[in-house]
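FYI, the numbering just counts along the sequence from 1.
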Amino acid sequence: MEEVLTRWLGTTASLRTEIVAAIGLVISLGVSVHVLLRKRVVGAAIGWIGLAWLAPVFGSLLYITFGINRVERRARRLKRRPSQTIDDTPQPSAHVPEAFRALDRAVQAITGLPTVAGNRIEIFRNGDEAYPAMLDAIGQARRSVALSSYIFRDDEIGRAFCDALKAAQERGAEVRVILDGIGSGYFFPAAWRRLRRLGVPAGLFMHSVLPWRMPFLNLRTHKKLLILDGQIAFTGGVNISDGNRVREKPDFPIRDTHFRIEGPVVEHLTQAFIADWLFVSDEELEGEAWLPPLAPAGTVTARVVTSGPDADIEKIATVILQVIACARHSIRLTTPYFLPNDLIVNALCLAATRGIEVDVVIPKASDHRFVDWATRGHIDPLLKSGVRIWIDGPPFDHSKAMTVDGQWCFIGSANWDSRSFRLNFELNVEVYDVPLARALEAFIAGKRRTRLTQADLDARALPVRLRDAAVRLLLPYL
């Protein structure tokens with residue numbers, strides 16, 4: 001009897017092993033098929049397939065949790081409904097300089113939008129200049145106020161914005177507010193709760209406190225938009241927090257740059273907000289309160305470029321690649337985080353080697369130490385190709401701006417990193433205007449405190465170089 005029991009147990013154990021092996025084979029095959037059909041990056045595809053076969057259960061669980069692009073699947077809801085879609089019929093662009101006509105055609109093909117003339121753009125430095133102008137504009141709004149911010153703190157300036165939004169609503173203006181579900185505070189942001197108590201319609205973009213929804217943390221709206229009566233817009237890098245009021249000497253001051261825009265291109269910005277609000281609330285915003293006829297307000301030609309992990313994926317990065325290829329004399333840029341992908345690094349290197357002056361300004365220390373480490377481990381090819389990288393001293397500057405050949409500008413919310421280029425929902429404005437380009441070039445030149453050289457990188461101690469190189473491996477997620 002004991003011998004029979006032993007033989008039965010052995011057979012059962014063998015059968016269980018075979019069943020587990022069969023399940024592992026099926027799972028590994030399933031993961032492999034999904035990876036082959038979905039992953040465009042060869043290295044990532046090889047890594048996931050290898051992990052699935054070496055550790056079928058653990059590897060497959062990792063892939064299901066972190067490898068599947070749920071971001072793209074979820075983001076498809078952001079597509080506009082027909083009533084909010086700009087006419088798909090090709091529209092003639094406004095006049096642009098002859099040297100940029102090929103770029104204009106390319107960007108229209110990328111975005112589906114023409115450049116529009118008759119705009120006016122004004123620069124504001126830090127929250128000290130931007131906030132009074134924004135609050136004054138909210139105070140004058142009569143028909144609609146649209147506000148979207150990655151960070152919206154419930155501090156002194158945040159409360160001032162909440163009060164101004166409530167007052168606009170009491171005057172009869174339609175008010176809608178979008179706060180990012182991560183940037184403004186993960187567990188039900190205080191500013192969002194305050195707006196709700198005041199009766200102001202406010203939505204959280206892609207918010208969840210459920211642990212199994214953690215992969216959606218990468219899906220963020222990083223846009224900074226304020227649109228008044230569909231006629232005046234503010235956009236750029238400035239979030240809503242006391243840290244941006246540099247003159248008030250906060251504990252961690254944040255310098256930044258923001259822009260006031262008037263003219264026909266404001267419709268592009270409004271359409272971007274309408275799409276986001278539809279996603280957040282399922283409410284369609286229509287009518288002249290949001291999309292009024294827009295008269296010319298100046299002489300600037302501009303176009304909006306949106307980007308995100310949906311149908312707009314990598315559009316801002318693609319525009320940057322196009323303009324680098326078109327540059328003839330100079331490329332100037334400043335960014336708080338500089339971790340571009342290899343395609344953009346190579347494009348900058350090629351531009352420098354063909355004689356283009358390429359100047360990149362980065363902070364001495366940002367608000368994310370890991371990014372600073374990874375940057376030092378990432379820029380060696382640029383320095384060797386002749387790209388000039390400059391260090392801006394403290395306090396930390398969150399500004400993002402790019403100019404090419406003193407005529408073309410790129411302003412907005414996108415940083416030069418994989419998160420902004422691929423994961424976040426971003427909005428930039430492409431501008432053809434010599435005065436604005438000159439103003440931004442002067443601004444960027446004023447931030448060039450010291451030049452980072454190859455000798456500086458080589459002087460790092462071996463443990464520091466290893467740390468920087470190791471952190472660089474996280475580049476797609478920093």
Side-chain angles (χ1 to χ4, degrees), residues 92-108 110-111 113-125 129-130 133 232-237 256-269 294-305 316 319-335 347-348 351-352 354-361 387-388 390 397 399-414 416 427-448:
S93 285
H95 175 76
V96 300
E98 183 177 355
F100 289 95
R101 287 178 186 170
L103 175 67
D104 179 36
R105 287 196 298 271
V107 179
Q108 179 162 1
I110 292 166
T111 64
L113 296 173
T115 50
V116 288
N119 304 288
R120 180 175 180 271
I121 300 180
E122 185 178 357
I123 304 175
F124 294 100
R125 191 73 176 118
E129 294 180 1
I232 298 170
F234 291 81
T235 192
D256 215 326
T257 309
H258 222 52
F259 302 86
R260 183 182 189 272
I261 302 176
E262 294 179 76
V265 79
V266 172
E267 180 179 350
H268 293 186
L269 284 91
L294 294 173
T299 59
V300 174
T301 296
R303 165 172 43 213
V304 163
V305 183
I316 286 176
V319 169
I320 287 173
L321 284 169
Q322 289 280 5
V323 75
I324 292 173
C326 292
R328 297 183 177 185
H329 307 291
S330 65
I331 299 170
R332 325 278 189 203
L333 68 98
T334 183
T335 178
L348 290 173
R354 70 175 186 264
I356 308 298
E357 291 185 356
V358 182
D359 292 287
V360 178
V361 181
V387 174
R388 298 183 298 199
W390 303 87
D397 198 326
S399 301
K400 320 96 166 34
M402 179 185 185
T403 68
V404 173
D405 294 346
Q407 300 181 76
W408 183 93
C409 315
F410 211 28
I411 57 177
S413 65
W416 279 61
L427 184 147
N428 273 20
V429 182
E430 178 197 24
V431 182
Y432 295 87
D433 186 62
V434 172
L436 180 63
R438 287 176 177 169
L440 290 176
E441 286 193 336
F443 164 65
I444 293 170
K447 289 160 53 62
R448 294 174 4 182

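- Among pairs with a residue in residues 319-331, none fulfils side-chain hydrogen bond (donor to acceptor under 3.5 Å, both in side chains), at least two apart in sequence or across chains.
- Qualifying salt bridge (charged side-chain N to carboxylate O under 4.0 Å, His left out) partners for R120, counting only residues two or more places apart in sequence or in other chains: E122, E262.
- Among T257, T335, T334, the one residue that satisfies the side chain to side chain donor-acceptor pair (under 3.5 Å) test with S399 is T257.
- Every residue was checked against the ring pair (Phe, Tyr, Trp, His ring centres under 6.0 Å) condition with F443, not counting sequence neighbours, and none meets it.
- Closest of all the heavy-atom pairs between A295 and P264 is O-CD, 4.0 Å.
- Between the CD1 atom in I316 and the OG atom in S413 there is a gap of 6.0 Å [rounded to 0.5 Å].
- Under the 4.5 Å side-chain criterion, counting only non-hydrogen atoms from C-beta, W416 is not in contact with V360.
- For the pair V107/V323, no side-chain contact is recorded, criterion being any heavy-atom separation below 4.5 Å from C-beta on.
- R438 CZ: 12 or fewer foreign heavy atoms inside a 6.0 Å radius.
- Considering only heavy atoms from C-beta on, I110 stays 4.5 Å or farther from V305 through its side chain.
- Residues that satisfy the side chain to side chain contact (heavy atoms under 4.5 Å, CB included) test with A351, not counting sequence neighbours, are I324, I331, R354, I356, V358.
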Only pairs under 3.5 Å count here: list side-chain donor-acceptor contacts from residues 430-437, not counting sequence neighbours, and write none if there are none.
residue : atom : partner : partner atom : Å
E430    : OE1  : R303    : NE           : 2.8
E430    : OE1  : R303    : NH2          : 3.0
E430    : OE2  : W408    : NE1          : 3.0
E430    : OE2  : Y432    : OH           : 3.0
D433    : OD2  : L436    : N            : 2.9

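- Within the structure, salt bridge (charged side-chain N to carboxylate O under 4.0 Å, His left out) pairs that include any residue of residues 402-412 do not occur (at least two apart or interchain).
- The side-chain heavy atoms of R260 and I232, taken from C-beta on, include a pair separated by under 4.5 Å.
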